[in-house]
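In what follows, chains are A, B, ... by sequence order, proteins preceding strands, each numbered from 1.
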Amino acid sequence: MKYRRIKGTKDILPTESWKWQFIEKKISETLESSGYKEIRTPIFEVTQLFTRGIGEETDVVSKEMYTFLDKGSKSLTLRPELTAPVIRAYIENNLNQINPVNKLYYIGSLFRQERPQKGRLRQFNQFGLEIIGSPNPEADAEVIRIMYDLFSSLGITDMNIKINSIGSRESRKDYLQVLEKSLKPSFNNLCPTCQKRFYKNILRIFDCKNSECQKILDEYAPAIVDHLNEEDTEHFETVKKLLNFTNTPYTIEKKMVRGLDYYTRTTFEITSSLLGSQDAICGGGRYDHLVEDLDGSKTPAVGVACGMERLIMVLDELSVFKETKKSPLFCVTLGDKAIEKVFKLITDLKELGIPAEMDLMRRSIKAQMRQAGKNNAHWVAIIGENEIEKNILVLKNMVKKEQIEISLENAPAEIAKIISLK
RNA sequence: GUGACCAUAGUUCAAUGGUUAGAGCAUCGGUUUGUGGUGCCGAGGAUUUGGGUUCAAUUCCCAGUGGUUACCCCA
């Protein structure tokens with residue numbers, strides 16, 4: 001009987017929506033000024049795009065997707081992330097033919113069926129950017145630095161940038177064998193999930209929070225950065241050099257591997273202590289094989305995604321948001337005849353570029369004035385029977401508490417003049 | 001999926017095994033005649049659902065639902 005929102009979803013009410021507008025504007029301005037262009041893709045895709053793109057074994061794919069059959073029994077999925085759809089669009093629209101390197105950004109809703117908690121919803125929003133086509137470390141560094149700059153310009157100070165390299169697929173293959181060998185003797189001491197990981201996706205053991213497993217890792221597991229081949233090492237060194245050169249603070253997290261299978265070489269995330277246990281505000285990395293995995297031509301790429309809800313939480317915590325109240329001129333009406341006049345008046349005013357609104361409740365003048373005050377209106381126009389008789393209107397400055405009479409004849413232009421003088 | 005905590009008005013929070021379940025804020029109205037913010041006065045509005053214990057349950061017990069949070073994993 002009573003409709004309520006779906007678990008894990010959120011209504012963004014007028015008390016909050018302005019924050020979203022503010023941040024979205026900031027994001028697009030910042031990214032556009034670095035040469036990124038927006039891309040918007042559909043909210044759903046064929047399921048296979050994600051199973052192939054993200055990896056069947058990942059948690060996202062194996063237990064968190066909203067998958068359903070359409071009327072033609074085709075399996076579709078609400079997008080749980082945006083890199084795969086962007087790459088699909090890149091391939092499908094032959095963007096590589098238009099430009100050897102494509103710098104794209106997106107802002108949109110994603111869907112994952114997880115248990116909601118602080119900083120985690122089932123429908124949530126991310127913005128992100130992708131550099132598709134460049135194999136070079138400056139692309140990696142740029143992505144990291146852009147996020148750093150964006151967050152800094154928003155007033156975030158205590159950021160922690162963690163970077164790591166998990167190597168190309170080639171050097172990782174060798175490393176995984178080394179890792180397997182090093183952990184094998186301790187296999188029985190690993191937690192049950194890690195024992196499973198040992199066979200399915202051994203790299204994920206690094207994600208385990210079990211202290212026993214961590215101890216084993218610290219003691220026996222070689223770090224992946226120490227087992228990179230020459231090219232990977234050089235790539236990573238250059239990324240670090242570029243970050244150093246631009247005074248971008250970072251720490252190397254040798255144990256950071258990421259949850260999506262497509263990553264290669266550089267991975268990174270930025271965390272904030274202002275968030276709860278979900279402290280990653282953005283995360284990303286290089287994915288040199290995703291395009292070909294999705295049947296495109298072999299194309300290197302690097303990207304990052306940022307959780308908007310988490311970003312807004314941090315900014316709220318830092319009291320970054322300041323509401324700038326700019327309210328339209330409020331028109332008070334008294335009597336039926338006034339309504340016609342006022343309706344025409346606000347139409348004309350808006351045509352002249354003057355924001356204006358009229359009372360819609362036909363309440364007493366007092367109530368309408370109160371409404372205007374609550375709206376924070378700087379100007380109020382009053383038209384009642386007396387005014388119509390005299391062919392005028394009353395224009396009141398709510399701040400100075402002064403009011404003047406204006407002839408109805410030329411009212412819109414007259415008001416426009418007075419208001420813009422202020 | 002597992003655990004913990006929570007559920008009283010629009011909201012934040014009180015109270016109670018037994019008559020009309022209170023308050024702040026918010027909303028609406030009044031404070032003389034057609035003028036907002038502060039003050040004063042007033043009004044509307046609530047015990048999550050189902051079962052059980054009891055003469056009697058909003059209160060105690062069980063279950064459901066919902067919320068928050070942690071784990072897993074991620075942004």
Q.
I'd like to know whether the aromatic ring centres of Phe127(A) and Tyr106(A) sit less than 6.0 Å apart in this structure.
A.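 No, too far apart.
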(Q) Between Tyr287(A) and Tyr262(A) (judged by ring centroids, cut-off 6.0 Å), do the two rings come close enough to count as a pair? (A) yes
If you measure from the [atom1] atom in [N] to the same atom in [M], how many Å do you get, rounded?
N	M	atom1	value
A4(B)	A63(B)	P	11 Å
A56(B)	A14(B)	P	30 Å
U54(B)	U58(B)	C1'	15 Å
A9(B)	A46(B)	P	9 Å
C13(B)	U65(B)	P	25 Å
G22(B)	C62(B)	P	29 Å
C72(B)	C61(B)	P	32 Å
U47(B)	U11(B)	P	13 Å

Q.
Does Thr9(A) form a side chain to side chain contact (heavy atoms under 4.5 Å, CB included) with Leu121(A)? I'd like the steps, not just the answer.
A. CA-CA 6 Å; Thr9(A) 63; Leu121(A) 293 169; over 6 Å; no
(Q) By nearest heavy atom, map Lys63(A) and Gly283(A) onto RNA chain B; which one lands nearer the 5' end? (A) Lys63(A)
(Q) Return whichever of Gly119(A) or Gly8(A) has its heavy-atom-nearest nucleotide of RNA chain B closer to the 5' end. (A) Gly8(A)
Whole-Å distance between [N] [atom2] and [X] [atom1]?
X	N	atom1	atom2	value
Phe124(A)	A75(B)	CZ	P	8 Å
Arg115(A)	G67(B)	CZ	C1'	11 Å
Glu114(A)	U2(B)	CD	C1'	15 Å
Phe151(A)	A75(B)	CZ	P	13 Å
Arg112(A)	G1(B)	CZ	P	18 Å
Arg5(A)	G67(B)	CZ	C1'	9 Å
Arg4(A)	G10(B)	CZ	P	13 Å
Ile205(A)	C72(B)	CD1	C1'	15 Å

Answer with base, sugar-phosphate or nothing: what part of the nucleic acid does [X] contact at a heavy-atom distance below 4.0 Å?
X	value
Cys306(A)	nothing
Gln368(A)	nothing
Gly284(A)	nothing
Ile270(A)	nothing

Q: Rounded to the nearest 0.5 Å, what's the gap from OG on Ser75(A) to CZ on Phe68(A)? Could you check?
A: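 It comes to 8.5 Å.
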Q) Step by step, would you call Val101(A) with Ile132(A) a side chain to side chain contact (heavy atoms under 4.5 Å, CB included)? A) CA-CA 6 Å; Val101(A) 59; Ile132(A) 311 168; over 6 Å; no
**Q.** Within 6.0 Å of CZ in Arg169(A), more than 12 heavy atoms from elsewhere
**A.**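 Atom CZ in Arg169(A) is packed in, count exceeds 12.
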Q.
Is a donor from one side chain sitting under 3.5 angstrom from an acceptor on the other, for Thr51(A) and Glu56(A)?
A. no
Q. Would Asn136(A) and His235(A) count as having a side-chain donor-acceptor pair, cut-off 3.5 Å?
A. no
Q) OP1 or OP2 of A75(B) less than 4.0 angstrom from a side-chain nitrogen or oxygen of Gln126(A), does that happen here? A)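 Looking at the OP1 and OP2 atoms of A75(B), neither is under 4.0 Å from any side-chain N or O of Gln126(A).
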Q.
Tyr36(A) vs Ile146(A), test: side chain to side chain contact (heavy atoms under 4.5 Å, CB included). Steps then yes/no.
A. CA-CA 11 Å; Tyr36(A) 290 76; Ile146(A) 279 183; 3.3 Å; yes
(Q) Whether Lys255(A) engages the ring of Phe206(A) as a cation-pi pair (distance to the six-membered ring centre under 6.0 angstrom, angle to the ring normal within 45°) should be assessed. (A)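 No, Lys255(A) does not lie over the aromatic ring of Phe206(A).
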Q) Which dot-bracket notation, 5' to 3', represents the base pairing of RNA chain B when pairs are defined as Watson-Crick or G-U with both distances under 3.5 Å, crossing pairs as [ ], and inter-strand pairs as |? A) (((((((..((((....[...)))).(((((.......)))))....(((((..]....))))))))))))....
Q. Near RNA chain B, which residues from residues 340-349 of chain A have a heavy atom under 4.0 Å away?
A. none
Q. Any Lys/Arg nitrogen of Glu16(A) or Lys19(A) sitting under 4.0 Å from an Asp/Glu carboxylate oxygen of the other?
A.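 Judged by the 4.0 Å cut-off on N to carboxylate O distance, Glu16(A) and Lys19(A) do form a salt bridge.
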Q. Mind checking whether Ile383(A) and Val332(A) have side chains closer than 4.5 Å, heavy atoms only?
A.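 The answer is no, as the side chains (C-beta and beyond) never meet within the 4.5 Å cut-off.
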Q: Go through Arg362(A) and Gln368(A) one step at a time and tell me if the side chain to side chain contact (heavy atoms under 4.5 Å, CB included) criterion holds.
A: CA-CA 8 Å; Arg362(A) 302 191 179 185; Gln368(A) 293 187 44; 5.8 Å; no
Q: Assign a letter to each nucleotide of nucleotides 28-40 of chain B from its 5' end: B, base within under 4.0 Å of a protein heavy atom; S, sugar-phosphate only; -, no contact.
A: SS----BBBB---
